[in-house]
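Whatever order the structure lists them in is the order used to number ligands and atoms, beginning at 1. For this chain, numbers begin at 1 and follow the sequence in order.
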Amino acid sequence: MIRVLVAGAAGRMGSEVLRTVTAAEGMTVVAAVDPAHEHEEMDDGAGGCVACLRDLSVAIAETEPDVMVDFTHPSVVADNLRIALSAGVDCVVGTTGLADTTLRDVIARAPEGTCLFVAPNFAIGAVLMMHFAQQAARFMPAVEIVELHHDRKADAPSGTALRTAALVNAARSAVPATPGAETELPGAEGARGACVEDIRIHSVRLPGLVAHQEVIFGGQGQTLTIRHDSIDRTSFMPGVVLAIREVGSRSGLVVGLEQLLGV
Ligand code: NAD
């Protein structure tokens with residue numbers, strides 16, 4: 001039985017993870033950590049409750065988890081990872097906004113044999129969207145990304161958009177000139193979006209959205225749009241469960257669900 005600690009357990013993603021792990025075969029929730037919701041009882045979806053704890057170090061010492069799943073906030077996730085990894089707890093991380101340098105620094109200080117698994121997107125359809133975008137980029141190098149998320153998302157652009165830009169840029173044969181900030185009218189700065197990996201990324205934030213992305217390729221007389229929609233947070237759960245099962249047999253830093261799917 002894999003013993004799972006959920007960090008960010010009262011959040012939109014964490015509460016879904018708590019219910020999913022409770023229902024999944026071969027794993028159990030041993031602790032729920034969320035400082036802003038200390039002592040609150042979280043519904044485990046199976047008729048039971050799990051009390052939220054405030055202090056991650058204490059929770060780890062008292063419950064001895066095998067895996068920590070972190071869906072918290074870009075400002076706290078690195079500290080959580082340092083605490084969990086130094087206690088020998090493997091980590092499955094969905095929190096976005098972590099810099100590559102931070103990830104490398106965290107894993108460099110982690111004990112031998114521990115694993116830090118990070119996925120910018122746990123939805124299998126999103127992994128396929130990135131995979132297909134890489135294929136298209138080889139033949140249609142002119143590309144822009146539109147990502148659309150709910151209005152309480154803490155970071156922009158999304159981790160998925162940043163990862164897509166890196167993968168697509170590495171896959172394309174040439175980097176075509178893209179009209180950029182120099183075409184923006186005074187008073188409308190930002191109209192052309194952010195430029196990451198020589199690709200324009202446009203971030204939409206609206207109530208009613210969950211997590212969506214379009215990768216739009218342009219060619220002579222044609223466009224190709226590859227779109228993925230997470231219409232419900234349950235879309236991320238099969239990927240999270242897979243990562244919890246796999247992380248114990250891996251070590252070091254592993255980035256992307258595609259590493260576990262063999263895409
Ligand atoms: P949320 O704001 O609903 O939940 C975050 C929770 O973390 C809150 O309850 C907050 O109190 C708690 N928290 C804050 N500091 C903490 C700490 N030090 N320890 C433990 N808990 C702490 O946010 P959300 O919508 O659930 O998203 C969480 C993160 O997951 C964001 O970074 C988001 O972008 C990311 N996300 C990733 C994926 C993916 O597939 N990788 C999917 C959806 C969301």
ask   = For the side chain to side chain contact (heavy atoms under 4.5 Å, CB included) test, which of V29, V30, V4 pairs with T63?
value = V30

key: For ligand 1, the portion of P120 having any non-hydrogen atom under 4.0 Å away   = backbone

key: Greater than 12 external heavy atoms within 6.0 Å of E112's CD   = no

query = At a non-hydrogen distance cut-off of under 4.0 Å, which region of F236 contacts ligand 1 (side chain, backbone, both, or neither)?
reply = side chain

note = Nearest non-hydrogen contact to atom 28 (C) of ligand 1 from the set T95, N121, V17, T72 belongs to T72

query = What part of N80, side chain, backbone, both or neither, has a heavy atom within less than 4.0 angstrom of ligand 1?
reply = side chain

ask   = Which atoms form the tightest heavy-atom contact between D34 and A9, and what is the distance?
value = OD2-N, 3.5 Å

ask   = Is there side-chain contact between R54 and H37, with at least one heavy-atom pair below 4.5 Å?
value = no

inquiry  = Under 3.5 Å, is there a donor on one side chain and an acceptor on the other for H202 and E144?
reply    = yes

query = Measuring from the heavy atoms of D34, does anything fall under 4.0 Å of ligand 1?
reply = yes

inquiry  = What protein heavy atom lies closest to atom 38 (C) of ligand 1? Include the residue and the distance to one decimal.
reply    = F71 CE2, 3.7 Å

note = When every non-hydrogen atom of P141 is compared with those of R172, the smallest separation belongs to O-NH1, 2.7 Å

remark   = for atom 1 (P) of ligand 1, nearest protein heavy atom and its distance come out as R12 NH2, 3.7 Å

inquiry  = Which of the numbered atoms in ligand 1 are under 4.0 angstrom from any heavy atom belonging to K153?
reply    = 34 (O)

key: Side chain, backbone, both or neither: V76 near ligand 1, heavy atoms under 4.0 Å   = side chain

ask   = Hey, quick one: are V196 and V204 part of the same hydrophobic cluster, counting side-chain heavy atoms closer than 4.5 Å, chains of contacts allowed?
value = no

query = Just by distance, with hydrogens left out, do T95 and D70 show a side-chain donor and acceptor under 3.5 Å apart?
reply = yes

key: Ligand-residue contact atoms, ligand 1 with V33, heavy atoms, under 4.0 Å   = 20 (C), 21 (N)

query = Does a side chain donor of either H149 or E147 reach within less than 3.5 Å of an acceptor in the other side chain?
reply = yes

ask   = In the protein, what heavy atom is nearest to atom 21 (N) of ligand 1, and what distance, to one decimal place, separates them?
value = G8 N, 3.2 Å

request  = Starting from atom 22 (C) of ligand 1, locate the nearest protein heavy atom and write down its residue, its atom name and how far away it is, to 0.1 Å.
outcome  = P35 CD, 3.5 Å

ask   = Which of the atoms of ligand 1 are close to A10, meaning less than 4.0 Å from one of its heavy atoms?
value = 9 (O)

ask   = Between V33 and M68, does a side-chain contact (heavy atoms from CB on, under 4.5 Å) hold up when you go through it step by step?
value = CA-CA 10 Å; V33 176; M68 175 180 79; over 6 Å; no

inquiry  = Does any part of the side chain of K153, heavy atoms only, come nearer than 4.5 Å to the side chain of R205, both counted from C-beta?
reply    = yes

key: Shortest protein contact, atom 40 (O) of ligand 1 (heavy atom only)   = F122 N, 2.8 Å

Contacting atoms of ligand 1, where contact means under 4.0 angstrom from a heavy atom of G94 = 30 (O), 35 (C), 36 (N), 37 (C), 38 (C), 39 (C), 41 (N)

remark   = shortest atom 4 (O) of ligand 1-to-protein heavy-atom contact is with G11 CA, 3.2 Å

task = Look at atom 41 (N) of ligand 1 and find which of G14, A126, A119 reaches it with the closest heavy atom.
result = A119

message = Can you confirm whether E189 is buried at CD, in the sense that more than 12 heavy atoms of other residues, nucleotides or ligands lie under 6.0 Å from that atom?
response = yes

message = Under 4.0 Å from a heavy atom of M13: which atoms of ligand 1 are those, numbered in the order shown and with their elements?
response = 26 (O), 42 (C), 43 (C), 44 (C)

ask   = Can you tell me the protein heavy atom closest to atom 33 (C) of ligand 1 and the distance?
value = T96 OG1, 3.8 Å

inquiry  = With heavy-atom distances below 4.0 Å as the criterion, list the atoms of ligand 1 near A36.
reply    = 11 (O)

